[in-house]
Amino acid sequence: MKKFLIFLIFLFISAETLEVKKTPTVKLRVLKPIEEEYYLLTKDTPIKIKVKGPKVLKIYTRLLFLPLDHPEFKNTGSYKILLKTDDKEYIYHFTTQISKQTFDKNRRYYGRWRSINFEVPSGIQEYQLFLFDAKRETVAVRLELKKPSEFREIKVISQIDTTPIKIKLNGPNQFQIRFLTKEKIPITYCIMKNNETILTDTSKKVFLNIDEKETEILIDIKPYEKINKIKIYEKRKF
């Protein structure tokens with residue numbers, strides 16, 4: 001009885017966080033064999049999704065290929081998928097190869113999976129998936145929800161061409177700074193705020209707490225000409 005109640009609770013939670021309106025499905029046999037259920041996306045049948053965030057919505061896609069004996073059969077194929085939100089549209093262009101270990105009960109072969117990671121904000125969100133362009137006109141889609149990472153990247157720096165590097169941060173929050181080098185070489189850097197040194201380190205990943213609503217930090221890094229990119233992440237506020 002206890003196991004049955006746990007199962008009912010699981011179904012209730014799943015129904016609250018992810019909902020797909022009536023869409024045809026197909027079961028694909030993958031490798032061992034393992035059967036995974038996929039939704040069928042065609043130009044005439046978009047997929048409607050309702051999901052409760054914050055979550056990361058992972059969308060696995062597999063292109064349906066022509067039969068092996070078809071005169072126009074090719075080992076590779078391309079397709080575009082459009083993800084539509086309330087106010088934006090995102091187009092994803094994929095190229096894939098046939099996977100002869102992935103087929104359905106009718107022995108129709110599908111391509112190697114290509115995926116989309118889409119960050120879902122807090123609250124109930126509704127999305128639509130459209131098959132934007134594909135010669136075969138059928139793509140199998142599997143959906144998976146994941147917990148978002150603790151930090152998310154923010155667009156602060158696009159390129160490194162001078163030193164010290166100026167960065168504006170909005171707090172109060174905790175930030176993670178990552179230094180990407182062109183080669184596997186050691187680096188040293190000094191982080192300053194209000195003309196005072198607040199951190200000196202050699203680690204290529206460092207955490208920084210900012211209490212001010214808006215502040216500017218300077219990073220004096222050596223050798224700066226070997227730095228390919230600096231990535232900044234801020235801690236999520238759920």
Side-chain angles (χ1 to χ4, degrees), residues 17-18 49-59 80-94 114-129 132 144-238:
T17 57
L18 177 63
I49 304 167
K50 182 186 286 187
V51 57
K52 184 177 180 181
K55 288 285 189 300
V56 173
L57 176 63
K58 185 140 190 170
I59 305 170
K80 293 179 184 177
I81 287 182
L82 185 147
L83 174 61
K84 186 176 182 181
T85 69
D86 287 338
D87 56 351
K88 289 185 179 180
E89 293 183 352
Y90 304 87
I91 297 177
Y92 303 89
H93 187 183
F94 299 112
R114 299 292 182 262
S115 65
I116 299 167
N117 287 319
F118 190 81
E119 292 203 7
V120 179
S122 299
I124 302 295
Q125 311 296 332
E126 294 189 6
Y127 305 123
Q128 290 189 78
L129 279 180
F132 190 69
E144 185 179 300
L145 285 179
K146 293 187 175 182
K147 184 179 178 181
S149 59
E150 188 178 7
F151 284 82
R152 64 178 173 188
E153 185 177 359
I154 55 176
K155 302 298 181 183
V156 176
I157 294 177
S158 58
Q159 61 182 10
I160 309 300
D161 55 9
T162 185
T163 187
I165 301 155
K166 293 182 181 180
I167 302 174
K168 286 186 178 180
L169 298 176
N170 296 319
N173 206 345
Q174 185 181 49
F175 295 87
Q176 182 187 113
I177 304 175
R178 294 184 186 179
F179 299 92
L180 282 68
T181 56
K182 298 175 183 177
E183 306 167 16
K184 291 185 178 180
I185 58 169
I187 61 171
T188 60
Y189 52 87
C190 174
I191 300 178
M192 294 164 283
K193 184 178 71 172
N194 299 327
N195 295 321
E196 292 185 7
T197 298
I198 60 174
L199 181 67
T200 301
D201 210 330
T202 59
S203 172
K204 292 185 180 179
K205 182 172 72 173
V206 67
F207 295 93
L208 194 65
N209 289 309
I210 297 296
D211 298 324
E212 295 86 352
K213 186 176 181 180
E214 182 178 293
T215 191
E216 186 177 80
I217 63 170
L218 299 177
I219 303 177
D220 189 8
I221 185 166
K222 296 178 182 179
Y224 87 93
E225 67 273 8
K226 296 293 185 180
I227 299 296
N228 188 39
K229 188 179 290 185
I230 295 180
K231 289 191 174 184
I232 311 292
Y233 300 82
E234 67 177 5
K235 196 167 187 178
R236 293 178 183 273
K237 297 177 180 178
F238 295 109

Set of side chain to side chain contact (heavy atoms under 4.5 Å, CB included) partners for K235, sequence neighbours left out
E150, F151, N173, Q174
With a cut-off of 3.5 Å and sequence neighbours excluded, list every side-chain donor-acceptor pair involving residues 204-213.
{"unit_1": "K204", "atom_1": "NZ", "unit_2": "T181", "atom_2": "OG1", "d": "3.0"}
{"unit_1": "K204", "atom_1": "NZ", "unit_2": "I185", "atom_2": "O", "d": "3.0"}
{"unit_1": "E212", "atom_1": "OE1", "unit_2": "K193", "atom_2": "NZ", "d": "3.3"}
{"unit_1": "E212", "atom_1": "OE2", "unit_2": "K193", "atom_2": "NZ", "d": "3.2"}

List for me each residue that meets ring-ring contact (aromatic ring centres under 6.0 Å, His included) alongside Y233, sequence neighbours excluded, and say none if there are none.
none
For Y92, all residues meeting ring-ring contact (aromatic ring centres under 6.0 Å, His included), sequence neighbours excluded:
none
Report the residues that fulfil side chain to side chain contact (heavy atoms under 4.5 Å, CB included) with K184, sequence neighbours left out, ordered by chain and then residue number.
none
CA sep, side-chain torsions, deciding dist, call: F175, I154, side-chain contact (heavy atoms from CB on, under 4.5 Å)
CA-CA 10 Å; F175 295 87; I154 55 176; 3.9 Å; yes
Step-by-step side-chain contact (heavy atoms from CB on, under 4.5 Å) determination, I91 to I81
CA-CA 6 Å; I91 297 177; I81 287 182; over 6 Å; no
Could you tell me which residues satisfy salt bridge (charged side-chain N to carboxylate O under 4.0 Å, His left out) with K146, sequence neighbours excluded, listed by chain and number?
E144
Holding to side chain to side chain contact (heavy atoms under 4.5 Å, CB included), I want the full list of residues that pass it with E126, two or more places apart in sequence or in another chain.
K50
Would you sort out whether I221 and I227 count as a side-chain contact (heavy atoms from CB on, under 4.5 Å), showing the intermediate values?
CA-CA 9 Å; I221 185 166; I227 299 296; 3.4 Å; yes
Between N194 (side chain) and E196 (backbone), is there a donor-acceptor pair under 3.5 Å?
no
Looking at residues at least two apart in the chain, or sitting in another chain, which of them share a salt bridge (charged side-chain N to carboxylate O under 4.0 Å, His left out) with R152?
E234
Quiz: residues 114-121 side-chain donor-acceptor pairs under 3.5 angstrom, not counting sequence neighbours:
{"unit_1": "R114", "atom_1": "NE", "unit_2": "T95", "atom_2": "O", "d": "2.9"}
{"unit_1": "R114", "atom_1": "NH2", "unit_2": "T95", "atom_2": "O", "d": "3.3"}
{"unit_1": "R114", "atom_1": "NH2", "unit_2": "Q97", "atom_2": "OE1", "d": "3.3"}
{"unit_1": "E119", "atom_1": "OE1", "unit_2": "R236", "atom_2": "NH1", "d": "3.2"}
{"unit_1": "E119", "atom_1": "OE1", "unit_2": "R236", "atom_2": "NH2", "d": "2.9"}
{"unit_1": "E119", "atom_1": "OE2", "unit_2": "R236", "atom_2": "NH2", "d": "2.8"}

Given side-chain contact (heavy atoms from CB on, under 4.5 Å), test L57 with L145 step by step and report yes or no.
CA-CA 5 Å; L57 176 63; L145 285 179; 3.9 Å; yes
Does the side chain of I217 come within less than 4.5 Å of M192's, by heavy atoms?
no
Could you work out, with salt bridge (charged side-chain N to carboxylate O under 4.0 Å, His left out) as the rule, every residue matching E183, not counting sequence neighbours?
K226
Those residues at least two apart in sequence (or on a different chain) that pass side-chain hydrogen bond (donor to acceptor under 3.5 Å, both in side chains) with T85 are D87
Donor-acceptor contact present, side-chain Y189 to main-chain L199, <3.5 Å
no
